[in-house]
Student: 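The structure's right below; bear with me while I get my questions together.
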Amino acid sequence: GGVIEQNTDNAAWSYFSGSVNNPIYVAKEYNHIGVHKEDNSACLTGGDTHAAADIICYMNGYEDPRREKYFVKSEWKGHEYVGLRRGIIIPVLETTGHKYSGINMKPNDPLYWMNAAEVAFLRAEAAAIYNFNMGGEAGEFYNTGIRLSFEQWGADGAEEYLNNETLRPETYVDPDGKNSYDRDLSRITVKWDNAASPEEKQERIIIQKWIANWQLGNEAWADYRRTGYPHLIPATAAGNKSGGIVDSERGARRIPYPASEYGDNPVNINYAVATYLGGRDDMGRDLWWAKKTK
């Protein structure tokens, strides 16, 4: 049957109505602040789930037209889109936390599993990094992935975006003044460079795949652990609550097995932990396919 090549074939659940809403919408609305205490005006940024600083730094730096499709503008004066840094002591929602950009989603929006853009980026990586015959050149698939993502989200300006060879991700400045991060996340630009090293090609592909996979958290997390890209802002010392198990720079590497598994399946679970996880069933252990160790 081939692979997904058009947005009309995207794998998604589109049948939310009435009392059944998109679960991501439900999550982002949790603890929604309805009105501002100062002037009783409506708060539009959602509940205690906000856009992460990482993706907004990349998209702000690239002047990405998809921002308005992905995010709700922040309530920080002078800042259109500003994310909340992950792995910090979360600011109080009622006074500060609600000011960061929210998630632009309606209750009946589709829930995506896989999209055509992701497939194009998979083919780009297979051709550029692993020399597989994908039926085309890596750069062609890369540009197709960007075009398909812009089309999926109804954004204009794909050609200008994919030909930009000067803009880079911005550094994170926290308007609250507490959790800024002054290191460059990446020096990678958008425009495809066929003369680049395999490492640079992979970073460029994964950055754009990550942006295109908005809402597909499992795929994004898997790519990050597998390739090391995109570079993300680390957790702060105070925000890392793992007791030293999880490295602040690398983040959580897996989800531990549930306690019920030890009661219901003790022989197999203990074998798996001893054989495949070095005796440690915790969030700091790499899975076998997580190739990048730093």
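Excluded from the calculations below are hydrogen atoms, water molecules and symmetry mates; all remaining heavy atoms, backbone and side chain alike, are included.
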Student: With Asn268, which residues qualify under side chain to side chain donor-acceptor pair (under 3.5 Å), at least two apart?
Tutor: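 Partners of Asn268 by the side chain to side chain donor-acceptor pair (under 3.5 Å) criterion, ordered by chain and then number, come out as Asn265.
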
Student: Do the charged groups of Asp282 and Arg285 touch, with an N to O distance under 4.0 Å?
Tutor: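 The answer is no: the pair does not qualify as a salt bridge.
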
Student: Can you list, pair by pair, the side-chain donor-acceptor contacts under 3.5 Å of residues 63-71, counting residues two or more places apart and other chains?
Tutor:
residue : atom : partner : partner atom : Å
Asp64   : OD1  : Arg66   : N            : 2.8
Asp64   : OD1  : Arg66   : NE           : 3.0
Asp64   : OD2  : Arg66   : NE           : 3.3
Asp64   : OD2  : Arg66   : NH2          : 2.8
Asp64   : OD2  : Tyr161  : OH           : 3.1
Arg66   : NH1  : Ser149  : OG           : 2.7
Arg66   : NH2  : Tyr161  : OH           : 3.4
Arg67   : NE   : Asp64   : O            : 3.0
Arg67   : NH1  : Asn60   : OD1          : 2.8
Lys69   : NZ   : Gly154  : O            : 3.4
Tyr70   : OH   : Ile211  : O            : 2.9

Student: Should Ser101 and Val72 count as side-chain neighbours, where that means a heavy-atom distance under 4.5 Å?
Tutor: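 The answer is no; the side chains never approach within 4.5 Å.
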
Student: Are the side chains of Phe141 and Ile205 in touch, meaning some heavy atoms are under 4.5 Å apart?
Tutor: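 No - every pair of side-chain heavy atoms lies 4.5 Å or more apart.
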
Student: Would one find more than 12 heavy atoms of other residues, nucleotides or ligands at under 6.0 Å from atom CD of Glu137?
Tutor: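 No, the 6.0 Å shell around CD holds no more than 12 heavy atoms from other groups.
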
Student: What I want to check is whether the side chains of Tyr181 and Arg183 have a donor and an acceptor closer together than 3.5 Å.
Tutor: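 Result is yes, a qualifying pair exists.
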
Student: Of the non-hydrogen atoms in Ile56 and Ala51, which two are nearest, and what is the gap between them?
Tutor: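 In this case the closest contact between Ile56 and Ala51 is CD1-CB, 3.6 Å.
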
Student: Do the side chain of Asn22 and the main chain of Pro107 share a donor and acceptor less than 3.5 angstrom apart?
Tutor: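 Not confirmed, Asn22 side chain does not pair with Pro107 backbone.
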
Student: Does the side chain of Lys99 reach to within under 4.5 Å of the side chain of Thr45, using non-hydrogen atoms?
Tutor: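 Lys99 vs Thr45: side chains apart.
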
Student: As an exercise, state the distance from CD of Glu219 to CG of Asn115, rounded to the nearest 0.5 Å.
Tutor: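 Going from the CD atom of Glu219 to the CG atom of Asn115 covers 8.5 Å.
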
Student: Evaluate the side-chain contact (heavy atoms from CB on, under 4.5 Å) criterion for residues Met59 and Trp214: first the C-alpha distance (whole Å), next the side-chain angles of each, then the deciding distance (0.1 Å), finally the verdict.
Tutor: CA-CA 12 Å; Met59 295 181 77; Trp214 173 243; over 6 Å; no

Student: Tell me whether Tyr271 at atom OH has more than 12 heavy atoms from other residues, nucleotides or ligands lying less than 6.0 Å away.
Tutor: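 Check fails, neighbour count at 12 or below.
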
Student: Provide the closest heavy-atom pair for Gly284 versus Val246 in the form atom of the first, atom of the second, distance.
Tutor: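 Nearest pair, atom of Gly284 first, then Val246: N-CG2, 4.3 Å.
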
Student: Just how far is it from atom CG of Asn108 to atom OG of Ser17, taken to the nearest 0.5 Å?
Tutor: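 Those atoms lie 8.0 Å apart.
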
Student: Taking the basic N atoms (NZ, or NE/NH1/NH2) and the acidic carboxylate oxygens, is any pair closer than 4.0 Å for Glu159 and Arg147?
Tutor: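 Answer for the salt bridge query: yes.
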
Student: Are Arg226 and Glu125 ion-paired here, with the side-chain N under 4.0 Å from a carboxylate O?
Tutor: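 Between Glu125 and Arg226 there is a salt bridge, with a charged N closer than 4.0 Å to a carboxylate O.
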
Student: If you round to the nearest 0.5 Å, how far is CE of Met283 from CG of Asp247?
Tutor: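 Here the interatomic distance stands at 13.0 Å.
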
Student: Compute whether any side-chain donor of one residue and acceptor of the other, for Asn240 and Ser248, lie under 3.5 angstrom apart.
Tutor: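 On atom types as modelled, these side chains qualify, holding a pair under 3.5 Å.
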
Student: Can a donor-acceptor pair be found, under 3.5 Å and without considering hydrogens, that links the side chain of Asp48 to the backbone of Asn31?
Tutor: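 No, Asp48 side chain to Asn31 backbone: no donor-acceptor pair under 3.5 Å.
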
Student: Hey, are the side chains of Ile88 and Lys178 touching, using non-hydrogen atoms and a 4.5 Å cut-off?
Tutor: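 Not touching, per the 4.5 Å side-chain cut-off.
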
Student: Can you confirm whether Asn164 sits close enough to Lys191 that some side-chain heavy atom of one is under 4.5 Å from a side-chain heavy atom of the other?
Tutor: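 Asn164 vs Lys191: side chains apart.
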
Student: Give a yes or no on whether Val190 and Ile55 share a hydrophobic cluster (residues Ile, Leu, Val, Met, Phe, Trp, Tyr; joining criterion: side-chain heavy atoms under 4.5 Å apart).
Tutor: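 Looking at the clustering, Ile55 is in the same group as Val190.
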
Student: Quick one: sort the Tyr142 and Trp192 rings into parallel, tilted or perpendicular, breaks at 30° and 60°.
Tutor: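 Rings of Tyr142 and Trp192: tilted, as their planes differ by 30° to 60°.
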
Student: Is the distance between the ring centroids of His98 and His36 under 6.0 Å?
Tutor: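 Yes, close enough.
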
Student: Where do Ile89 and Ala238 come nearest, in terms of heavy atoms and distance?
Tutor: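 Minimum heavy-atom separation between Ile89 and Ala238: CD1-O, 3.4 Å.
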
Student: Under 4.5 Å between side-chain heavy atoms, counting indirect links through other Ile/Leu/Val/Met/Phe/Trp/Tyr residues: same cluster for Trp221 and Leu84 or not?
Tutor: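 Shared cluster, no.
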
Student: Under 4.5 Å between side-chain heavy atoms, hopping through other hydrophobics if needed: is there a path connecting Leu216 to Tyr224?
Tutor: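 In one cluster: yes.
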
Student: Counting only heavy atoms not in Glu200, do more than 12 sit closer than 6.0 Å to its CD atom?
Tutor: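 Yes, because the 6.0 Å sphere around CD of Glu200 holds more than 12 heavy atoms from other groups.
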
Student: Under a 4.0 Å N-O cut-off, is there an ion pair linking Glu140 with Arg123?
Tutor: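 No, no charged N to carboxylate O under 4.0 Å.
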
Student: If you take all heavy atoms of Leu162 and Asn143, which pair is closest and at what distance?
Tutor: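 Leu162 and Asn143 have their closest heavy atoms at CD1-OD1, 3.9 Å.
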
Student: CD1/Ile103 to NE2/His50 distance, rounded to the nearest 0.5 angstrom?
Tutor: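 It comes to 8.5 Å.
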
Student: Using a strict threshold of under 4.0 Å (side-chain N to carboxylate O), is an ion pair present between Lys201 and Asp193?
Tutor: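 No, this pair does not count.
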
Student: List the steps, then state whether salt bridge (charged side-chain N to carboxylate O under 4.0 Å, His left out) holds for Asp54 with Arg86.
Tutor: CA-CA 8 Å; Asp54 314 81; Arg86 303 165 302 104; 2.7 Å; yes

Student: Give the C-alpha distance, both sets of side-chain angles, the deciding distance and a yes or no for ring-ring contact (aromatic ring centres under 6.0 Å, His included) between Tyr229 and His231.
Tutor: CA-CA 5 Å; Tyr229 301 121; His231 295 303; 5.3 Å; yes

Student: Tell me whether Leu232 shares a hydrophobic cluster with Val173, the cluster being built from Ile, Leu, Val, Met, Phe, Trp, Tyr side chains joined at under 4.5 Å.
Tutor: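 Looking at the clustering, Val173 is in a separate group from Leu232.
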
Student: What I want to find out is whether Asp184 reaches Arg168 closely enough, with some N-O distance under 4.0 Å, to be called a salt bridge.
Tutor: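 Looking at Asp184 and Arg168, the cut-off is not met.
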
Student: Ignoring hydrogens and angles, tell me if any N or O in the side chain of Arg225 forms a donor-acceptor pair with the backbone of Asp286 under 3.5 Å.
Tutor: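 Absent.
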
Student: Rounded at 0.5 Å granularity, tell me how far CG in Leu167 sits from CD1 in Ile188.
Tutor: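 Nearest 0.5 Å value for the CG-CD1 distance: 13.5 Å.
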
Student: Is there a side-chain contact between Phe16 and Pro23 in this structure, where contact means two heavy atoms from C-beta onward sitting under 4.5 Å apart?
Tutor: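 Sidechains of Pro23 and Phe16: in contact.
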
Student: Is it true that Arg85 and Asp174 make a salt bridge, defined as a side-chain N closer than 4.0 Å to a carboxylate O?
Tutor: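 So Arg85 does not pair with Asp174 through a salt bridge.
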
Student: Quick one: closest heavy-atom pair of Tyr100 and Asp176, and the distance?
Tutor: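 Smallest heavy-atom distance, with atoms named: OH-CB, 3.4 Å.
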
Student: Applying ring pair (Phe, Tyr, Trp, His ring centres under 6.0 Å), can you list everything that pairs with Tyr58, at least two apart in sequence or on another chain?
Tutor: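 Tyr58 satisfies ring pair (Phe, Tyr, Trp, His ring centres under 6.0 Å) with Trp210 once adjacent residues are dropped.
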
Student: Within a reach of under 6.0 Å around CD1 of Ile255, are more than 12 heavy atoms found that belong to other residues, nucleotides or ligands?
Tutor: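 Counting other residues, nucleotides and ligands, CD1 of Ile255 stays at 12 neighbours or fewer.
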
Student: So do the side chains of Thr171 and Asp182 get within less than 4.5 Å of each other, counting heavy atoms only?
Tutor: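 They are not in contact (no side-chain heavy atoms under 4.5 Å apart), so the answer is no.
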
Student: I'd like to know if the side chain of Asn7 reaches the main chain of Leu148, judged simply by a donor and an acceptor atom lying under 3.5 Å from each other, with no hydrogens or angles considered.
Tutor: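 Yes, because the side chain of Asn7 sits within donor-acceptor range (under 3.5 Å) of the backbone of Leu148.
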
Student: Are Tyr15 and Tyr25 connected into the same hydrophobic cluster when the rule is that any two of I, L, V, M, F, W, Y join if their side-chain heavy atoms are below 4.5 Å apart?
Tutor: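 Tyr25 clusters together with Tyr15.
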
Student: Mind listing the closest non-hydrogen atom pair of Ala53 and Ile233 along with its distance?
Tutor: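 Where Ala53 meets Ile233 most closely, the heavy atoms are CB-CD1, 4.0 Å.
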
Student: Does a side chain donor of either Asn10 or Thr8 reach within less than 3.5 Å of an acceptor in the other side chain?
Tutor: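 Side chains of Asn10 and Thr8: no pair found under 3.5 Å.
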
Student: How many angstroms lie between atom CD of Glu118 and atom CD of Gln152, to the nearest 0.5 angstrom?
Tutor: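 CD of Gln152 is found 10.0 Å from CD of Glu118.
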
Student: Is it the case that Arg254 places NZ or CZ above or below the six-membered ring of Tyr257, under 6.0 angstrom from the centre and within 45 degrees of the axis?
Tutor: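 Satisfied, under 6.0 Å and within 45°.
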
Student: Compute the ring centroids of His79 and Tyr81, then answer whether they are less than 6.0 Å apart.
Tutor: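 Between Tyr81 and His79, which both carry aromatic rings, the centre distance is not below 6.0 Å.
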
Student: Say whether Glu80 and Ser74, considering side chains only, have a donor N or O and an acceptor N or O under 3.5 Å apart.
Tutor: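 There is no such pair between these side chains.
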
Student: Would you say Asp264's side chain and Glu261's backbone share a donor-acceptor pair under 3.5 angstrom?
Tutor: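 Looks like no, no N/O pair under 3.5 Å.
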
Student: Could you tell me if the ring centre of Tyr112 sits under 6.0 Å from that of Trp13?
Tutor: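 Between Tyr112 and Trp13, the centre distance exceeds or equals 6.0 Å.
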
